[in-house]
Structures are given as C-alpha cells and as structure tokens.
Amino acid sequence: MATRGIHRAFTKRTVPFLTSQSLFLSSISRSVSTLVLAEHEGGSIKAPSVSAVAAASSLSKDNSISMLLAGSGPSLQEAAAHAASCHPSVSQVLVADSDKFSHPLAEPWAKLVHLVQQKGGYSHIIAPSGSFGKNILPRAAALLDVSPITDVIEISESNLFVRPIYAGNALCTVRYAGANPCMLTIRSTSFPVPPISADSKSEASISQVDLSTFGEDAVGKSRYVKLTSQETERPDLGNARVVVTGGRALKSAENFKMIEKLAEKLGAAVGATRAAVDAGFVPNDLQVGQTGKIVAPELYMAFGVSGAIQHLAGMRDSKVIVAVNKDADAPIFQVADYGLVGDLFEVIPELLEKMPEKK
C-alpha cells in the first residue's frame with residue numbers, strides 16, 4: 001500500500017507532518033537491510049546494478065547491503081568477484097549457481113528472490129529500472145504479496161521516495177506503508193556512482209545460495225529462444241558520456257547513417273526517437289524516451305528531434321542539450337541549452353567536414 005502526493009515538476013517538496021504511523025515506520029527503518037538484484041555480463045557487474053547499490057546506500061547509514069547474482073559457469077564466479085569489490089557499501093554477495101539461471105528469465109529469478117527473502121528477511125529489495133529489473137521485480141513482488149514502487153529518482157527516507165509521473169512533467173512523492181520488503185526499481189541515471197579510491201575499496205564476503213528447495217516448477221512456461229545484438233565499438237547508450245540522437249526528419253535509414261558517422265567522430269552513442277524507430281530507420285534498442293531508454297549524458301545532441309513529451313522524458317536530465325531543428329518553434333528548444341535553427345542536411349555534413357577525427 002502506498003499513499004501519494006503529487007507536486008508540480010521541479011518545485012520544492014515538503015515532508016508531510018509526522019503522524020504516529022510515520023513514527024512507527026521510522027523506528028522500523030532504523031534496521032535496514034537491502035538486497036540488490038544484480039545483472040552481470042562477461043564476468044562483470046553492469047553499471048546500472050552498481051547504481052542500484054549507490055541508491056541502497058542512501059537508505060540508511062547502517063544499511064547492510066547484499067548483492068544477488070544468478071547464472072552458471074566461470075563467468076558467474078568472475079562476476080561475483082567483481083561484485084565483491086565494485087562498491088564499498090556491499091557487505092555480502094549471494095551467488096545462485098544453476099543451469100536454471102543460464103538466462104535471466106523472470107520466473108526462476110522471481111522464485112529465487114522469494115527464496116532468498118524468506119531466509120534473509122530484507123527490509124528493501126532494489127533493482128535497476130531497465131529491462132532486467134522491470135522483468136523480474138513485479139513477478140517477485142506478486143510472490144511476496146507487496147506493491148513495488150517503480151522508477152525511483154530520489155530517496156528521501158527509508159520509506160519515502162520520489163518518482164516521475166506524466167512523462168516526467170511532475171514528481172510524485174510516495175510513502176511506503178506496506179509490509180516488508182519494500183521493493184523498488186531505481187532510475188540509474190539519478191544515482192551516479194562516484195569514483196572509488198583505492199583506499200576505500202573492500203572485499204565483501206561471497207556465499208552460495210542453498211538451492212536444495214528450489215523446485216523444477218520454478219522454471220515456468222517461458223523459455224529462452226535467442227539473443228541478437230549488433231557488434232559495434234560505440235559506447236553503450238545507457239551509460240555514454242555523449243549521445244547523438246536523430247529523429248524522423250532524417251527521412252530514411254540511409255540518411256540516418258549521418259548520425260552514426262557523427263557519433264563515431266565524437267566517440268558517442270547513437271540514439272533515436274520513437275518515430276525514427278517506428279519508421280524502421282534503426283532498431284528499437286536505440287530508442288530514447290518514455291518507452292525506450294532513459295539517458296543522462298554529459299552532452300546530448302538532437303538532430304531533427306521535435307521534442308515530444310515522451311522523448312523529453314528520456315533525456316531531460318542530460319547535463320548539456322544541443323538541438324538542431326529547422327522549426328524555430330519546436331518544443332526541443334525549450335529544454336535545450338544551445339539551439340540552432342537550420343536544416344540538418346546542411347548542418348551535419350558541415351560538422352563532419354570540420355570536426356577532427358576522434359583520437
């Protein structure tokens with residue numbers, strides 16, 4: 001159960017007057033323990049999962065944080081070693097080694113979270129708000145009979161959270177008043193991980209999860225078919241420092257290659273609007289926006305992007321926004337730090353000509 005207070009976007013939020021229930025919840029929050037569902041690939045923990053640890057560390061100073069990894073084979077053990085040293089706040093790494101977790105399917109993962117929660121009794125369970133977390137957490141919450149809070153961008157208290165609504169045009173303060181565990185997905189761009197000095201690095205203990213009671217029925221009805229991905233040297237869209245995005249104004253997949261060439265010169269990731277994806281210019285894993293990926297790079301360059309509200313929801317937290325559009329009244333200019341009214345078919349070739357090659 002959660003009670004909500006809706007506030008206008010980016011306005012000062014006030015903490016509600018403490019009631020007896022609030023005081024009761026506050027006393028419970030003093031004993032905070034958190035389980036972070038970690039996604040790994042190639043023997044290392046993915047950056048959004050480390051951001052989830054950073055979010056967990058802001059719940060309480062005395063928070064005991066455990067990371068849960070699942071999979072099979074040598075890469076899992078390498079990922080566990082990385083998890084043990086990826087953040088100084090991690091006190092324990094739990095490893096579920098089984099062929100049932102060779103692929104991150106929701107059914108076995110949800111059963112695993114249920115099993116670990118029954119043994120650990122955590123007050124909070126956190127996952128990054130990507131396809132991994134969105135796939136697993138709701139099913140796990142149903143098994144634990146609690147209501148999850150999704151897409152959290154700020155943690156005010158151990159039971160008080162802020163999340164965007166109306167495509168990011170308003171912020172909603174949510175007080176969790178349900179039973180443990182409080183389950184959250186967090187927007188990783190809102191919880192950056194500061195550089196960790198060599199002195200502050202520590203090794204967390206690594207423990208194996210007892211799967212003796214993990215039944216065959218936990219596999220469920222879904223099955224892994226295949227994974228397809230494009231081989232590219234460009235940085236990952238979700239974590240890139242620079243993102244170059246193209247919209248429907250590019251008119252074709254062939255023209256969209258100009259965006260890719262510009263990104264290569266800048267060492268940037270390539271993004272696209274939903275309109276460009278729906279038109280078939282690029283695959284949907286490059287989509288930025290409310291129904292795509294949420295990004296917050298240091299530099300976001302938008303070419304031929306009108307600035308629909310759904311797109312702004314996915315990139316408005318960028319540090320510097322540069323927009324190029326021939327429509328002077330395009331909504332993208334309302335959020336842009338720098339704007340150029342011009343034809344992208346003239347602007348991009350000129351940039352490509354005058355910009356030096358990436359070193």
Side-chain angles (χ1 to χ4, degrees), residues 9 48 128-135 138 150-151 153 163-171 185 187-190 227-230 232 234-240 242-263 266 268-297 299-337 339-341 343-345 347-348:
S129 186
S131 57
F132 173 78
K134 290 178 180 178
N135 190 31
T150 60
D151 220 21
I153 62 169
R163 62 184 301 272
I165 58 175
Y166 303 128
N169 283 283
L171 300 178
T185 62
R187 187 175 290 188
S188 57
T189 55
S190 298
L227 171 66
T228 58
S229 61
Q230 292 185 328
T232 176
R234 289 193 296 265
D236 177 66
L237 177 59
N239 305 306
V242 181
V243 174
V244 181
T245 294
R248 182 167 46 189
L250 283 154
K251 299 181 180 179
S252 69
E254 185 65 27
N255 292 336
F256 206 94
K257 291 180 181 179
M258 292 192 300
I259 297 292
E260 297 172 354
K261 290 178 181 178
L262 184 59
L266 291 169
V270 172
T273 64
R274 178 168 180 171
V277 170
D278 289 346
F281 299 169
V282 289
N284 60 6
D285 59 332
L286 299 184
Q287 181 180 328
V288 174
Q290 186 178 13
T291 56
K293 293 184 178 178
I294 308 296
V295 299
L299 173 62
Y300 187 88
M301 303 181 72
F303 293 88
V305 175
S306 64
I309 187 173
Q310 292 85 356
H311 183 76
L312 297 183
M315 46 67 71
R316 70 190 316 156
D317 291 332
S318 303
K319 307 301 182 293
V320 177
I321 300 173
V322 177
V324 176
N325 199 301
K326 65 180 181 180
D327 180 8
D329 297 323
I332 189 69
F333 289 123
Q334 296 177 12
V335 299
D337 298 284
L340 174 62
V341 179
D343 188 343
L344 62 87
F345 292 105
V347 174
I348 296 178

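Just so it is clear, the structure is predicted and the values come from calculations on it, not from any experiment. We count residues from 1, following the sequence as given.
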Once you round to the nearest 0.5 Å, how far does [atom1] of [X] lie from [atom2] of [Y]?
| X | Y | atom1 | atom2 | answer |
| --- | --- | --- | --- | --- |
| Leu312 | Gln334 | CG | CD | 8.5 Å |
| Ser131 | Lys293 | OG | NZ | 8.0 Å |
| Ile259 | Ile348 | CD1 | CD1 | 4.0 Å |

How would you list, by chain and number, every residue that makes a side-chain hydrogen bond (donor to acceptor under 3.5 Å, both in side chains) with [X], sequence neighbours excluded?
| X | value |
| --- | --- |
| Thr189 | none |
| Asp236 | Asn239 |
| Thr273 | none |
| Arg187 | Asp151 |

Tell me the closest heavy-atom pair linking [X] and [Y], and the distance in Å.
| X | Y | value |
| --- | --- | --- |
| Val335 | Arg316 | CG1-NH2, 4.5 Å |
| Ala323 | Ile332 | CB-CG1, 3.7 Å |
| Gly246 | Val305 | C-CG2, 4.1 Å |
| Pro235 | Ala268 | CD-O, 3.6 Å |
| Pro297 | Val243 | CG-CG2, 3.8 Å |
| Pro331 | Ser306 | CD-O, 3.0 Å |

Can you list everything that forms a salt bridge (charged side-chain N to carboxylate O under 4.0 Å, His left out) with [X]? Sequence neighbours excluded, please.
| X | result |
| --- | --- |
| Asp327 | none |
| Lys134 | none |
| Arg248 | none |

Determine whether [X] and [Y] make a side-chain contact, defined as any pair of heavy atoms from C-beta on separated by less than 4.5 Å.
| X | Y | answer |
| --- | --- | --- |
| Val270 | Arg234 | yes |
| Leu250 | Phe303 | no |
| Thr291 | Arg274 | yes |
| Ile153 | Leu171 | yes |
| Lys326 | Val347 | no |

Residues which pass side chain to side chain contact (heavy atoms under 4.5 Å, CB included) with [X], listed by chain and number, not counting sequence neighbours:
| X | answer |
| --- | --- |
| Leu299 | Val242, Met301, Val320, Val322 |
| Phe281 | Phe256, Ala276, Ala279 |
| Asn284 | Val277 |
| Ala249 | Leu344 |

Any salt bridge (Lys or Arg N to Asp or Glu O under 4.0 Å) pairs touching residues 249-260, not counting sequence neighbours? Glu254-Lys257
